[in-house]
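Note that the numbering runs from 1 along the sequence shown for the chain. Every heavy atom of this structure was used, including side-chain atoms; hydrogens, water molecules and symmetry mates were not. These figures come from a predicted structure and were not determined experimentally.
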Amino acid sequence: MDWVNGILRFDSFFAVTIGILVLFVGRQLNNVFRPLKEFSIPEPVTGGILFSVIIAIVYSVSDIAIEFDLVARDVLLVYFFTTIGINASLKDLLKGGLPLVILLAITIAYMMVQNFTGIGVAKAFGLDSPVGMLGGSVSLIGGHGTAIAWAPRISEGYGISNAMEIGVACATFGLILASLMGGPIAKFLITRHDLKPEKKEALDVGVTDQESNGHITGFDFLDAILSIHICVILGYLLNEAIAEMGLQLPLFVTCLFAGIVMTNIVHNIGFRRITGTRWPARKPAVALIADIALGTFLAMSLMSMQLWTLIDLAGPIFAILTAQFIVAVLINIFVVFPAMGKNYDAAVICSGFGGISLGSTPTAMANMSAVSQRYGNSHLAFIIVPLVCAFFIDLVNALMIPYFLANF
């Protein structure tokens with residue numbers, strides 16, 4: 001913990017500790033305020049937003065800015081997506097083939113609508129089209145990473161001096177909206193159409209009370225950790241090989257694919273001889289680690305938001321995000337849900353699409369996790385949503401952003 005020029009900076013150890021505390025606070029709030037649980041608002045979202053507001057109040061009163069070292073947070077993201085890969089069997093991937101293609105097509109079309117919406121609202125305020133792009137797929141479906149990567153180019157190429165501030169502000173507010181919209185959308189669809197899971201499935205993220213009560217041993221936990229680390233090492237090597245070919249992918253994407261490869265090709269071969277157990281795909285210990293990693297990651301992401309930096313941009317950004325929110329809800333209910341089959345899986349997928357449409361892939365997964373823990377798991381949703389969100393979206397956005405900037 002350091003104090004420099006009015007900035008109180010917490011190192012990675014303190015950041016993780018506070019993140020865990022935020023997660024517990026969010027859980028308690030969801031238990032006390034029933035509507036939060038009723039609408040499947042993820043616990044890290046509840047706690048994270050509360051802490052970010054408290055930190056903003058501290059800044060406004062004392063002029064002390066609180067910052068966090070988030071290196072450990074990014075490691076947790078790698079852990080989480082590796083567990084998703086480990087849980088993906090070839091049978092599941094084949095089953096998700098057509099729904100994945102349909103969801104990808106909808107997502108690409110939605111990204112175009114999102115950009116036209118941002119540009120249209122920006123022009124209504126007398127702002128240039130690149131500002132609308134910053135309130136479109138650059139920051140919303142692209143998230144903070146894409147916004148930070150493109151803001152300098154937009155600033156230099158189109159004379160938008162505060163492009164970085166606009167992009168980060170849209171990504172931040174979008175993340176909050178995405179965290180709050182997925183659960184209510186799923187509840188609306190499940191209640192209106194009286195939906196239930198076709199069969200009872202073990203949770204992909206999290207475990208039931210019965211599973212956690214004496215059914216996960218220390219060696220089960222270490223077995224899962226060892227498997228995750230093996231996949232992360234392979235994912236890192238794959239990431240380096242891809243980088244040598246000139247293609248940059250986030251590490252968590254290649255670790256996700258490494259988990260899929262290990263589960264479907266290696267599986268039991270040789271692993272039993274080392275650990276005395278089967279490869280831990282779909283085991284409670286893996287689901288438990290996924291829940292811990294995702295919850296802590298999202299809590300740290302939300303608690304570290306510096307809300308006071310966004311006040312000056314609130315007017316136009318509020319208008320853009322209001323329009324984007326309405327479009328996202330309508331697309332979810334009237335396009336994604338029918339196209340995915342109007343069943344329980346489709347409702348869970350909609351909660352995830354709500355998360356990615358304005359936020360990020362972890363937000364999508366947290367929304368689906370909260371819905372699954374309340375109503376029942378949808379393994380299909382946990383297969384196709386991360387593949388669309390974590391891989392294809394970045395590739396499509398990399399092509400779509402320069403096209404829109406050049407032509408609109």
Sidechain-backbone polar pair: Q306 side chain, A56 backbone, donor-acceptor under 3.5 Å: no

Please test Y236 against H229 for ring pair (Phe, Tyr, Trp, His ring centres under 6.0 Å), starting from the C-alpha separation and ending with a verdict. CA-CA 10 Å; Y236 175 79; H229 281 212; over 10 Å; no

Any sub-3.5 Å donor-acceptor pair from S357's side-chain atoms to G354's backbone N or O? yes

Atom CD of E240: over 12 foreign heavy atoms under 6.0 Å: yes

Under the 3.5 angstrom rule, does the side chain of S52 hit a backbone N or O of I49 as a donor-acceptor pair? yes

Between the side chain of T254 and the main-chain N/O of L251, is any donor-acceptor distance below 3.5 Å? yes

Do N397 side-chain atoms and I393 backbone N/O form a donor-acceptor pair below 3.5 Å? no

Could you give me the CA-CA distance, side-chain angles and deciding distance for F10 and I66, then say whether side chain to side chain contact (heavy atoms under 4.5 Å, CB included) is met? CA-CA 8 Å; F10 291 94; I66 298 176; 3.5 Å; yes

Could you list all the salt bridge (charged side-chain N to carboxylate O under 4.0 Å, His left out) pairs where at least one residue sits in residues 58-74, not counting sequence neighbours? R9-E67

Ring centroids only, cut at 6.0 angstrom: are F337 and H193 within range, meaning strictly under it? yes

Considering residues, nucleotides and ligands other than M164, do more than 12 of their heavy atoms fall under 6.0 Å from its CE? yes

Provide the full list of side chain to side chain donor-acceptor pair (under 3.5 Å) pairs with a residue in residues 398-408, sequence neighbours left out, each pair given once. none

Would the distance check show the side chain of S155 and the main-chain N or O of A151 forming a donor-acceptor pair, the cut-off being under 3.5 Å? no

Sidechain-backbone polar pair: T296 side chain, A293 backbone, donor-acceptor under 3.5 Å: no

List the steps and the verdict of side chain to side chain contact (heavy atoms under 4.5 Å, CB included) for Y79 and L294. CA-CA 8 Å; Y79 262 62; L294 178 61; over 6 Å; no

Report the distance from atom NZ of K283 to atom CG of L288, rounding to the nearest 0.5 Å. 14.0 Å

Kindly state each residue pair satisfying side chain to side chain donor-acceptor pair (under 3.5 Å) with at least one member in residues 32-47, sequence neighbours excluded. N30-T46, N31-K37, E38-K187, E38-R374

Within the structure provided, determine whether L405 and R153 are in side-chain contact (heavy-atom separation under 4.5 Å). no

Looking at F408, I want to see if its CZ is surrounded by more than 12 non-hydrogen atoms of other residues, nucleotides or ligands under 6.0 Å. yes

With heavy-atom distances below 4.5 Å as the criterion, would you say the side chains of D220 and P284 are in contact? no

Taking the six-membered ring for Trp, are the ring centroids of F404 and F116 within less than 6.0 Å of each other? yes

Report the C-alpha separation of L234 and F257 in whole Å, then their side-chain angles, then the decisive distance to 0.1 Å, and conclude whether the side chain to side chain contact (heavy atoms under 4.5 Å, CB included) test is met. CA-CA 9 Å; L234 293 176; F257 280 108; over 6 Å; no

Measure from the side-chain N and O atoms of T363 to the backbone N and O of G359, and report whether any donor-acceptor pair falls under 3.5 Å. no

Run V385 and F353 through side chain to side chain contact (heavy atoms under 4.5 Å, CB included) and show every step you take. CA-CA 7 Å; V385 170; F353 191 85; over 6 Å; no

In this structure, is the centre-to-centre distance between the rings of F318 and F173 below 6.0 Å? no

Treating N367 as the side-chain partner and A178 as the backbone partner, does any N or O pair qualify as donor plus acceptor under 3.5 Å? yes

Any chance you could measure C350, atom SG, to D345, atom CG, to the nearest 0.5 Å? 11.0 Å

Separation of D128 CG from I119 CD1 (nearest 0.5 Å): 11.0 Å

If you measure from the Lys or Arg side-chain nitrogens to the Asp or Glu carboxylate oxygens, is any gap between D194 and K196 under 4.0 Å? yes

Measuring from T83:OG1 to F81:CZ, what's the distance to the nearest 0.5 Å? 9.0 Å

Quick check for you: to the nearest 0.5 Å, what is the distance between M400 atom CE and M133 atom CE? 8.5 Å

Taking the six-membered ring for Trp, are F68 and F14 ring centroids under 6.0 Å apart? no

Any sub-3.5 Å donor-acceptor pair from S369's side-chain atoms to A366's backbone N or O? no

Mind checking the CD1-OG spacing from I55 to S304? Nearest 0.5 Å is all I need. 8.0 Å

